[in-house]
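All remarks here apply to the structure that follows.
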Amino acid sequence: MDEIRVRIAPSPSGNLHVGTARTALFNYLFAKKNNGKFVLRIEDTDAERTSQAYVDNIFDSLKALGLNWDEGPDVGGNYGPYTQSERFDIYPKYVQELLDKGFAYECFCTPEELEAEKEEATANKKAYVYSKKCENLTEEEKAKLRAEGRKPAIRFNIAKAQKAFHDSSILAFEDLVKGHLQQDTDLIGDFVIMKSNGAPTYNYAVVIDDMLMKISHIIRGEDHISNTFKQILIYEALGAEVPRFGHLGMILAPDRSKLSKRHGATAVSEFVEKGYLTEALNNFVALLGWAPSDGVELKSLQEIAADFRINEVSSSNSVFEYDKLNWMNGQYIKKMDIKELTAMAKPFLSKYDLTELTEEQLEKVITATREPITILSDLTNDVAYFFGKDIEFEEGVKEANIDTEQGQAILKEFASRIDSLAFDDEEKLHEQMAEFRNFFKEQGIKPKVTMWTIRAALTGRTHGADMGVVLEVLGKDKVQYRIEKAIV
RNA sequence: GCUCCCAUCGUCUAGAGGCCUAGGACACAUCCCUUUCACGGAUGCGACAGGGGUUCAAAUCCCCUUGGGAGUACCA
């Protein structure tokens, strides 16, 4: 194939999962690195589990991550439509071709008959393989079954295809990330490619779509390895060029089970709602299975794309731990443009009356509180004392820092200086506070203890934003009010 | 059950036979910086799953065991 074309084909039966996001990312990176095209296809074959809300979520999440597609349902392209449900009329044609070539046959088995076969297989500790009962039905037999009202499903004839294109029953291919992979096709049952209701099944529809969309490389999760053998055979039976495959390890929860709701967020949109930055999410997820050649882990999408090589991706599973994601998110928050950060922070500040502060003051507050946070939602609590008249004291803070003889002395001295404090002159205020600390330092009280008392009275806590910013943003009136309230 | 995949610090990983007394990042601990918490800096803790081979030499190659994951649908 001349052009490199990859795709991501999510099924809209849920919000975009981080695992899918990583697959999308690796496909995107591979396309970027190789000047290829990245296409998005929506696999909504199963109407019952599918919804438009999920389709929207998938679009929005992918866009938020910056994983822009070159072709897709919304932007179109030369190989559309890009939504499977709109492609239903093209699937029967190739089923007929397979039927004509003898690589497929009609199957009239009922669910009950199939169930019985499976039970027998498990009873004999054998792998279940369809009995091929319907492989050689005569026209008369078929007509009779049809007369009974039975509608056939179409099955793919594995052995026939395998024999036609390979020397033995072993089917092998070179995986882009896992290397040599093989499977004995005698162990693969003749699977249904078209249901009795006329709808195509997944393994068949993907092949037709990928073939028609000229997909050259299929990068996906390793849960698809066993499907790959079935799919290769369909490509071959259709006389189509078989694409290259690359199977990625799975993302596991810390308990090594599948990442699910009980482990916390699973959808990209949930991470965003919690206050994770999509840049950090991309960066983190890229590092699950891939390592930059220069060892520098903090990297933009562009930098990663330039360095990315699919064959360097690890073939093992990786555990999704929040520690590193949190650290990374914090790094991005620290480096982010303050205006952009402030805008992103606002949704997390909805419980406060933001009109209390000017935009400039808000930016100061965010600047002074961004350092220690790892996710945007940390801001909600960290910024609380900048709003409203009164504050809430954290447990024990009042008793230890204010209700003491020393605390009261510090507060009284501070109260006496409030009138002379330069609330609107950052530099001067800084000097005045230094002088204030020295006043007590000479009495043997550590600077940080002095500040703890003032901070406690003003914020209800012993740690938080820079005191200069606290004083400046709070302003003389609030400072005076809170200090006086703390003096017994 | 059957088939397939995987296996380096707690986690993500570097490592493609000698460069490995196994490197980095996160987490953790200690120290420094400091008006707090942090940030930043320094140091420390910490792994080649086990057993057999092959080889002058194995984390790297082969086999077995063990452990983990996936697939086994007229779901995708």
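The model shown is predicted, which means the values in this text are computed figures rather than measured ones. Reminder, nothing fancy here: chain letters follow the sequence lines and each chain counts from 1.
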> Roughly how far apart are A/R155 CZ and A/C107 SG, rounded to 0.5 Å?
Replying inline: 4.0 Å
> If pairing requires Watson-Crick or G-U wobble contacts with both distances under 3.5 Å, which nucleotide is the partner of B/G44?
Replying inline: B/C28
> What class does the angle between the rings of A/F245 and A/H247 fall in, given that below 30° is parallel, 30 to 60° is tilted and above 60° is perpendicular?
Replying inline: parallel
> Rounded to the nearest 0.5 Å, how far does CZ of A/F414 lie from CZ of A/F440?
Replying inline: 10.5 Å
>> Please report the distance, rounded to the nearest Å, between CG in A/D255 and C1' in B/G10.
In response: 14 Å
>> Taking the nucleotide of RNA chain B with the nearest heavy atom to each, does A/A291 or A/I225 sit closer to the 5' end?
In response: A/I225
>> For a quick test of reading the model: is some side-chain N or O of A/Q183 closer than 4.0 Å to OP1 or OP2 of B/C2?
In response: no
> Of the nucleotides B/U36, B/A70, B/A76, which one has an atom closest to the side chain of A/D223?
Replying inline: B/A70
>> Closest approach to the side chain of A/S226, judged atom by atom: which nucleotide of B/U13, B/G1, B/G71 is it?
In response: B/G71
>> Checking contacts here: which listed nucleotide (B/C37, B/G69, B/C74) is nearest the side-chain heavy atoms of A/N317?
In response: B/G69
> Roughly how many Å is it from NZ in A/K126 to C1' in B/U72, rounded to a whole number?
Replying inline: 16 Å
> Side-chain N or O of A/K324 less than 4.0 angstrom from OP1 or OP2 on B/U13?
Replying inline: no
> Considering heavy-atom distances to RNA chain B, does A/E222 or A/R49 have its closest nucleotide positioned more toward the 5' end?
Replying inline: A/E222
>> Checking A/W69 against A/F59 for the ring-ring contact (aromatic ring centres under 6.0 Å, His included) test, could you report, in this order, the C-alpha distance in whole Å, the side-chain angles of both residues, the deciding distance, and whether it holds?
In response: CA-CA 10 Å; A/W69 48 97; A/F59 279 23; 5.7 Å; yes
> On a whole-Å scale, what distance lies between the P atoms belonging to B/C2 and B/U65?
Replying inline: 12 Å
> Roughly how many Å is it from CG in A/N197 to P in B/C74, rounded to a whole number?
Replying inline: 12 Å
> Would you say the side-chain atoms of A/K324 pair up with the backbone N or O of A/E321, donor to acceptor, closer than 3.5 Å?
Replying inline: no
>> Strictly distance-based, threshold 3.5 Å: is any side-chain N or O of A/R22 a donor or acceptor partner for the main-chain N or O of A/L288?
In response: yes
>> Taking the minimum atom-to-atom distance to the side chain of A/Y128, which one of B/A73, B/A27, B/U36 wins?
In response: B/A73
> Given atom CG of A/N329 and atom C1' of B/A25, what is their separation to the nearest angstrom?
Replying inline: 16 Å
>> Taking the minimum atom-to-atom distance to the side chain of A/K178, which one of B/C37, B/C5, B/A76 wins?
In response: B/C5
> Is A/D382 touching bases, backbone alone, or none of the nucleic acid, heavy atoms closer than 4.0 Å?
Replying inline: nothing
> Does A/R220 make a side-chain N or O approach to OP1 or OP2 of B/A76 shorter than 4.0 Å?
Replying inline: no
> Can you tell which of B/G1, B/C74, B/C6 lies closest to the side chain of A/S315?
Replying inline: B/C6
> Does A/K118 have a side-chain nitrogen or oxygen under 4.0 Å from the phosphate oxygens OP1 or OP2 of B/G1?
Replying inline: no
> What's the CD-C1' distance between A/Q331 and B/A25, to the nearest Å?
Replying inline: 11 Å
> Do the side chain of A/S196 and the base of B/C74 come within less than 3.5 angstrom through a donor-acceptor pair of N or O atoms?
Replying inline: yes
>> Under 3.5 Å for both donor-acceptor distances, Watson-Crick or wobble: does B/C20 have a partner, and if so which one?
In response: none
>> Nearest to the side chain of A/D323, heavy atoms from C-beta on, is which of B/C26, B/U13, B/U35?
In response: B/C26
> What does A/I193 touch in the nucleic acid at a heavy-atom separation under 4.0 angstrom: a base, only the sugar-phosphate, or nothing?
Replying inline: nothing
> Closest to the A/P447 side chain: B/A76, B/G71, B/U35?
Replying inline: B/U35
> Which part of the nucleic acid does A/H247 contact within heavy-atom distance under 4.0 Å: base, sugar-phosphate only, or nothing?
Replying inline: nothing
>> Just to be sure I understand the rule, does A/N124 reach a base, reach only the sugar-phosphate, or reach nothing, if contact means heavy atoms closer than 4.0 Å?
In response: nothing
>> Taking any heavy-atom pair under 4.0 Å as a contact, classify A/M467: base, sugar-phosphate, or nothing.
In response: base
>> Measuring from the side chain of A/W327 (C-beta onward, heavy atoms only), which nucleotide among B/A25, B/U3, B/C6 has the closest atom?
In response: B/A25
>> Both conditions, 6.0 Å and 45 degrees, for the charged tip of A/K476 above the ring of A/F423: are they met here?
In response: no
> Hey, does the side chain of A/S11 come within less than 4.0 Å of B/C75's phosphate (OP1/OP2), counting only N and O?
Replying inline: no
> Who does B/A7 pair with, Watson-Crick or G-U, both distances under 3.5 Å?
Replying inline: B/U66
> Within this structure, what is the CG-to-C1' distance between A/L171 and B/C4, rounded to whole angstrom?
Replying inline: 13 Å
>> Base, sugar-phosphate or nothing for A/G249? Non-hydrogen atoms, less than 4.0 Å.
In response: nothing
>> For a quick check under 3.5 Å, do A/K261 and A/T266 share a side-chain donor-acceptor pair by atom type?
In response: yes
> Given B/C74, is OP1 or OP2 found less than 4.0 Å from the side-chain N or O atoms of A/R155?
Replying inline: yes
> What do the steps show when you test A/L458 against A/M467 for side chain to side chain contact (heavy atoms under 4.5 Å, CB included), and what is the final call?
Replying inline: CA-CA 9 Å; A/L458 258 23; A/M467 280 304 290; 3.9 Å; yes
> Within this structure, what is the CD-to-P distance between A/Q84 and B/C75, rounded to whole angstrom?
Replying inline: 14 Å
> Which base, if any, makes a Watson-Crick or G-U wobble pair with B/U34, both distances under 3.5 Å?
Replying inline: none
> Using atom P of each nucleotide, how far apart are B/C6 and B/G44 to the nearest Å?
Replying inline: 36 Å
>> When the P atoms of B/G24 and B/G46 are compared, how many Å lie between them, rounded to an integer?
In response: 14 Å
>> From the set B/C12, B/A76, B/U11, return the single nucleotide nearest to any side-chain atom of A/E321.
In response: B/U11
>> For a quick check of understanding: with a heavy-atom distance under 4.0 Å over all strands, which category does A/E297 fall into, base, sugar-phosphate or nothing?
In response: base
>> Mind checking if A/K195 touches a base, just sugar-phosphate, or nothing, with heavy atoms under 4.0 Å?
In response: base
> Within the structure shown, what part of the strands sits under 4.0 Å from A/R256 by heavy-atom distance: base, sugar-phosphate, or nothing?
Replying inline: sugar-phosphate
>> In whole Å, measure the gap between the C1' atoms of B/A47 and B/C26 for me.
In response: 16 Å
>> Return the pairing partner of B/U60 with a 3.5 Å limit on both distances, Watson-Crick or G-U wobble; otherwise return none.
In response: none
> Taking CE from A/M250 and P from B/C5, how many angstroms apart are they, rounded to a whole number?
Replying inline: 15 Å
